[in-house]
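What you are looking at is a predicted structure, and each value in this text was computed from that prediction instead of being measured. Whatever order the structure lists ligands and atoms in, that order sets their numbers, starting from 1. As a basis for the values below, the full set of heavy atoms in this structure was taken, side chains included, without hydrogen atoms, waters or symmetry mates.
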Amino acid sequence: MRLDRRFVLVALLCATLLAQAPPRMPAEGSERAIEEQFLSVPDPRQAEQHMKILTAEPHVAGSPGDRKTAEYVARKFREWGFDTEIVEYKVWMNYPAEVSVDAFTPAGAIMHGPTKEHVEDDPFQDDPRVVMPFNAYSPSGDVEAEVVYANYGRPEDFQKLTEMGVDVRGKIVLVRYGENFRGVKAYMAQETGAAAVLIYSDPMEDGYFRGDVYPKGPWRPDTGVQRGTIEYGFEHPGDPTTPGWPSTAEARRISPRDSPDVPKIPATPLSYRDTSPILQRLGGAESPREWQGALPFTYHVGPGPVRVKLHLKQDFGYRAIWDVIARVRGTRWPDEWVIAGVHRDAWVYGAVDPISGATAMLEAARGIGHLLQSGWRPKRTIIFASWDAEEQGLIGSTEWLEQHEKELESAAAYFNLDTGASGADFRASAVPSLRGFLRDIAKSVPSPKGGTLYDAWRTAVRRENSPTANPTAEPQIGTLGSGSDFTSFLDHSGVPATDIRSSGNYGVYHSVFDNFAWYKKFGDTNFLYTQEIARVYGLQVLRMADADVLPYNYEAYGKEVAGYLDAAQKSAAGQFGDKAPKFDSALAAARRFAQAGAAINALVAHAPSRVRDETRSVAPPLSLAGFERQGGDVERLNRILLATERALLLPNGLPRRPWFRHAIYAPADLKGYSASTIPGVNEAIQRNDAATTAQQLEALTGVLNRAAALLEGFHPASSELFVLRAVPTGLR
Ligand SMILES: [Zn+2]
């Protein structure tokens, strides 16, 4: 990489000055003591207690059970010393009133469903408050039609049916869960003219094909159903009647009928027990072999001769939901919020999703509360958020964000949790600027497997990849797609985000069986991984809240984007041949961004000295007090670092979905969940649109140059040429 001469000079000068006047070494003991004190608090027995209470009753968003969980969480936050409020929004949501699915062949009835979710010996399944399986935002409807099987309901699956001469217009489309967000399945069926959609859990995905089913094993039993929203959140998440503004009591509303986020054809989920007779009797052509699931017969695509009669009556209305917001004001930078959020609402009991995450958050908050009681105060404002109605469409987090857009312009980070711990495998996704930060934290957290989480994580990743993989490779951190509450923070407001979890064999997602009994048998049975997650989560909050310089690594970010551009350039060449737009300016801008980031990194030691990568820093770090005594302007540096994240937002948003503004990340278009990188460019290439590709490349180039220019604008005075610590300085 070609280095900008100015930055080389700065780095050299820096090293020289440091050699002449060695900086005062920071008082490291107090800061380490604070972290140790925090790490000693999260406790497996306490975690189990929270989970027991929070999963005692079904608590779908807006229900009395949900309200009780809000009050429990609020009471705990207050007990631990946080200013706490329960924030109510009124949002458009449905519960199912009547659901029936009947199947016939010309010879007679073959299935009358849905069958109640049931196994031998589950203590939670018979509670009358369990919400029957349904898809949120499906309209009511009565449809009787022939059935067509459409695999995962991806665009290419519908394309394949067309090629096979199967017309889905007016039919009931049967699709299996997996590969994409269920809203995409419903949307594709609607767009191709289907009359209704049935979405079922094939045992190949999370049933007996994977292993023993509940209660013998952790996988989905034959009656287990995956509930879930089909809101078309690819336009915007949140309340569909307030796109872009908060759902306060007096909010202006658009009619649900006019909302692009609300599906137009009915959809409902099914178990594989109820689906099997339908699929087994479908005629028509054999399905393509890769469409075959794990049911014990050959799948055909139809249409018919099986007909299904679907009756759905949905109870729609404006319903109250409750976010619980706990805060402690920062002493030095109160406007730079550090936000840690987990949803609390569940489809039924939600032991894994989301209560294992909510439990870890509570233990992290208790740890921070412990520090507060000893007199410690954070430099930045800390906010713990217990979101509601995530399951319906990230509603609680999105409405709160829309109410605080202005304040969020200076938020330092958003740390997400959702399914906290369903097993022993640590997983993380993050923006590139926070990946090093997260790896460093893993070095400070002990693993239940022995050693540090960082070691365990790295070993596991190496084992999964290949025995020949580079033994010194860093553990991989994924990209943020969608499907949880970080979406609005990153994609709309440009707040840098992370998402962590500890994964395992989890086959009861969104069913009645995701409950305390399942969790004690197959989840994080002794709560040691919940404790680990609570420690990582809380340490992220602690370090971000107390960092003298915001610990963002823009060199890593720039390099990552350059990699995305390289890949996109290749696909553009494949797609457009010699008519492919030029990538040179965008690549140059990404490199410039990386170089500007490297120059800042040279001034800032990104990690506590005990875990710092010695090859990356040029000198021992200087304390904030020392830096400021030398006339260093840390305020200005932090303002620039914050503005750089926001500079990655596209002024006009993405084509066709302007609410999504991030130039580097978005939920994959018509995929959901997974991430689309440099989405404006890549999606234009996929749509074979050279003109939009060129225009999006230009927009991206502008964004990257603007971000680089901001970083380059931090011309340090000679007195600022000391390496500054970007770590908490503890009690002083
Ligand atoms: Zn969840």
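- Listed by chain and number, the residues in a ring pair (Phe, Tyr, Trp, His ring centres under 6.0 Å) with Tyr506 are Trp518 (sequence neighbours excluded).
- Taking OG1 from Thr419 and NE2 from His343, the interatomic distance works out to 8.0 Å, rounded to the nearest 0.5 Å.
- The Zn ion (ligand 1) has no N, O or S atom of Glu391 inside 2.8 Å of it.
- No more than 12 heavy-atom neighbours from other residues, nucleotides or ligands sit within 6.0 angstrom of NZ on Lys216.
- To the nearest 10 degrees, the Zn ion (ligand 1) sees NE2 of His343 and OD1 of Asp418 at an angle of 90°.
- Applying the salt bridge (charged side-chain N to carboxylate O under 4.0 Å, His left out) rule to Glu363 yields the partners Arg366; only residues at least two apart in sequence or on another chain are considered.
- Backbone or side-chain N, O or S atoms of Asp353 reach the Zn ion (ligand 1) at under 2.8 Å.
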